[in-house]
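Report on the structure given below.
Throughout, numbering of the chain's residues begins at 1 and tracks the sequence. Order of listing sets the numbers, starting from 1, for every ligand and every atom in it. The analysis underlying the following values was restricted to heavy atoms, covering all of them including side chains, and did not include hydrogens, waters or symmetry mates.
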Amino acid sequence: MTALRILLVEDSSDDATLIIRQFERDAYSIDWVRVEEEPDLRSALSAQPWDVIIADHALPHLDSLGALAIAHEIAPGIPVVIVSGVIGEETAVAAMRAGASDYVMKSNLRRLVAVVEREVREAAERRQRLRAEAALAELGRVIDESEDELYVFELQTLRIVHVSRAATAHLGLTADALATRTILDVFNGMTLDELTTRVRPLHLREVEQVVFEHEHRRADGSTYPVETRVHVSHVREPPVFVAVAREIGERKRHERERELLSDVSATLAASIDWDETLSTLAHFITRSFASWCVITIRSGEGAERFTTVGVGPDRVAHEPTLREAFAAASCPAIDRACRRAPAELVTRVTPAWLDASFAHSGQRAIATTLGVESAIVVPLRARDRVLGAMLLVCSTPERRFDARSASLAEDLGQRAAMFVDNARLYREAQTAIRARDEFVAMAAHDLRTPLSALSLAVQSLGRMIRRHAPREQIEALVAVVERSTARVTRLADDLLDVTRLGVGRLSLDLQLVDLTEIVRDVANESATLPGAPRIVLEVDAGEEVVGRWDRKRVEQLLTNLLSNAIKYGAGKPVEIFVTSDSETATVRVRDHGIGISPESQQKIFRRFERATTERAGLGLGLYIAHEIARLLSGRIEVESAIGEGSTFTVTLPRGGPRPSRIPPERAAVVH
Ligand code: ADP
């Protein structure tokens, strides 16, 4: 039994009974109320929900139009069916216009049930539709809140019929403008064939949705990467495609960064040839991260500077100019990074920054040509030493460097620095191995000469003793033996000293000693050397220059300087000057020999370094002299010009070594 709630607006209870009976006859269970006047109608409408209102057309106090108005006011949506004994066509039309659902003549009440059934059903459908529309509007609001773009487009024509707020916002187009386009206008570069292939599984009902990555094209022609999910929706007739696209710029960026780091790591791990590897690094950086870049490696002590550059694929023609400009002069931005610990991130480059960063006009010019919108300058730091710096530049205003780019750049910088450090250590190790081999060869050679002399002298001595040769001849040979032994001993001592200096264990025996006396002894000793020139000694400020020094070590230092002056002095006189004040003593050894070039002057105090191959030598004398001066808190300097001779100046504090700041294990042992 179907239940029906009927509100009757009827003055005749007989008629009401008649009407209800029509329904009960059709097996309806009726819940009904009859009202005649406006207040009753109002309270009945408010009291409970009704499925239908059946109103008599003409009541004494309320006509059907009045009843309609009240029903629409209090309970809109409830169908109102008018019944009437007589009704003119005009009245009927007016009633229908006013919103009546239908009218039925009392003489034909049998029709009423069918009319009411239809109206109740349609009202229910209307309500359902309204609810669905409200739900849809709600859903639309939710979709509009999302950052995902939603496109509804037709299956056949691909015409866009609906878009979400994110779609219009991201594309920079209004919904109306999009309504005149097809989805292929949004999918950058996708052909109809491609799209057809992609959505074919949907047509074949093989899958519920298809997912693909591609690009969307904005109104201004620029593009951005998206991941799109497409399905067929049957909520509309005919069905439509619904595409939900999510911007994946960030994800793509992540992927690109990971790729860059792994490419860079692989490149850096594959080689120890830094020039080539750093160029490859610059190339990788400009392929995916920066528009152009400059990498500068400063060498430790010398003036050597290595610069490589990278330029994005679209502007490689500028690479030589860029390299030239940055190899020609140092760049203040890079110099700054070498002094500062953290990376410098400039999200928006200003003219002031350009002024402070590219002092050289060529650098400024090429930077302007290539474009500088944002920049990162990263120091290359390894084992607490700054080895150089990288300048990375982004020349597109829409894609500026941010804090994340800076941290990626720092990561790259760290890897590059570690690589450079390793490559440098490897190079140094190679050089050291070569130097050691050369040294061993030379040491062997240097030992051989006095040893051969010694061996010859000893053999002759034996013969002479057996022959009872004259005493003078024997004494002359003994002198040769003594000199050769002294030379071998000195060589052995030098080697030992170098080893001790290397591990910081050269000992000092400090006493109050007179420098003038030492200089005089050394000069006299040297004067006896074969082929020694005239040695002129000038002592300033009286006789004694007393200081707290190690006599043997000072003697060794001066002997090394003087023997060099004789060895490289071209046989010309050698002068020695001693001067002093209350604090320091100075010894100057001057020769007029072959001289030393400015480049060699930088190196000759280092171990095994030689500026000439003219005379035999191990390249140790000046190193030892320099180290002895340093241990005594003094210094040695050289002034020289090729062909004009050299002057070595030793300055020693008279108070002896100052308390050292060198860690104990590296310091010399002082007795
Ligand atoms: P060695 O003399 O055994 O080669 P040193 O350490 O004493 O080693 O000197 C290093 C180098 O410095 C020498 O090989 C030589 O080239 C250069 N040198 C040193 N003293 C002089 C000098 N007085 N005149 C010219 N060259 C010198």
Problem set entry | Nearest-neighbour protein heavy atom for atom 2 (O) of ligand 1, which is reported as residue plus atom name and distance | Tyr568 OH, 2.7 Å
Problem set entry | Distance filter under 4.0 Å to Lys567 heavy atoms, resulting ligand 1 atoms | 1 (P), 2 (O), 3 (O)
Problem set entry | Contact check, Phe605 vs ligand 1, heavy-atom distance below 4.0 Å | no
Exercise. How close does the nearest protein non-hydrogen atom get to atom 8 (O) of ligand 1, and which residue and atom is it?
Worked result: Gly619 CA, 3.1 Å
For this session: Please check if atom CD in Glu257 has more than 12 non-hydrogen atoms from other residues, nucleotides or ligands closer than 6.0 Å.
Result: yes
For this session: For Arg490, check side chain to side chain donor-acceptor pair (under 3.5 Å) against everything at least two apart and list the hits.
Result: none
Exercise. Taking heavy atoms and a distance under 4.0 Å, where does Glu609 meet ligand 1: side chain, backbone, both or neither?
Worked result: backbone
Exercise. Taking only heavy atoms of Ile594, which atoms of ligand 1 are found under 4.0 Å from at least one of them?
Worked result: 25 (C)
Seminar exercise, completed: One finds that the ligand 1 atoms under 4.0 Å from a non-hydrogen atom of Ile604 are 11 (C), 12 (O)
For this session: Within a distance under 4.0 Å of any heavy atom of Gly595, pick out the atoms of ligand 1 and give their elements.
Result: 25 (C)
Exercise. Charged N to carboxylate O below 4.0 Å: is that the case for Asp263 and Arg287?
Worked result: yes
Exercise. So, Glu319 and Arg323, do they make that salt bridge, N to O below 4.0 Å?
Worked result: yes
Exercise. Is a donor on one side and an acceptor on the other found under 3.5 Å between the side chain of Arg336 and the backbone of Val377?
Worked result: no
Exercise. Considering residues, nucleotides and ligands other than Arg588, do more than 12 of their heavy atoms fall under 6.0 Å from its CZ?
Worked result: no
For this session: Output the list of atoms in ligand 1 that are nearer than 4.0 Å to some heavy atom of Leu620, sorted by atom number.
Result: 6 (O), 8 (O)
For this session: Please indicate whether any nitrogen or oxygen in Leu622 is less than 3.5 Å from any nitrogen or oxygen in ligand 1.
Result: yes
Seminar exercise, completed: Any heavy atom of Asp591 under 4.0 Å from ligand 1? The part involved is side chain
Problem set entry | Arg381 bridged to Asp421 by N-O distance under 4.0 Å | no
Exercise. Salt bridge between Lys552 and Asp509, side-chain N to carboxylate O under 4.0 Å?
Worked result: no
Exercise. Any idea which protein heavy atom is nearest atom 14 (O) of ligand 1, and the distance to it?
Worked result: Arg610 NE, 3.1 Å
For this session: Quick one: look at Ser646 and ligand 1, take heavy-atom pairs under 4.0 Å, and tell me if it's side chain, backbone, both or neither.
Result: side chain
Exercise. Mind checking whether Ala611 has an N or O less than 3.5 Å away from an N or O of ligand 1?
Worked result: yes
For this session: Using a strict 4.0 Å threshold on nitrogen-to-oxygen distance, state whether Glu555 and Arg553 make a salt bridge.
Result: no
For this session: Under 4.0 Å from a heavy atom of Thr612: give me the atoms of ligand 1 that qualify, with their elements.
Result: 15 (C), 16 (O)
Exercise. Is ligand 1 under 4.0 Å from a heavy atom in the side chain of Ile596, in the backbone, in both, or in neither?
Worked result: side chain
Problem set entry | Identity and separation of the nearest protein heavy atom to atom 7 (O) of ligand 1 | Asn564 ND2, 2.8 Å
Seminar exercise, completed: Of all heavy-atom pairs linking Ala457 and Val480, the shortest is CB-CG1, 4.0 Å
Exercise. Under 3.5 Å, N or O to N or O, is Tyr623 touching ligand 1 that way?
Worked result: no
Problem set entry | Single hit among Leu561, Thr579, Thr586, Val589 for side chain to side chain contact (heavy atoms under 4.5 Å, CB included) with Thr649 | Thr586
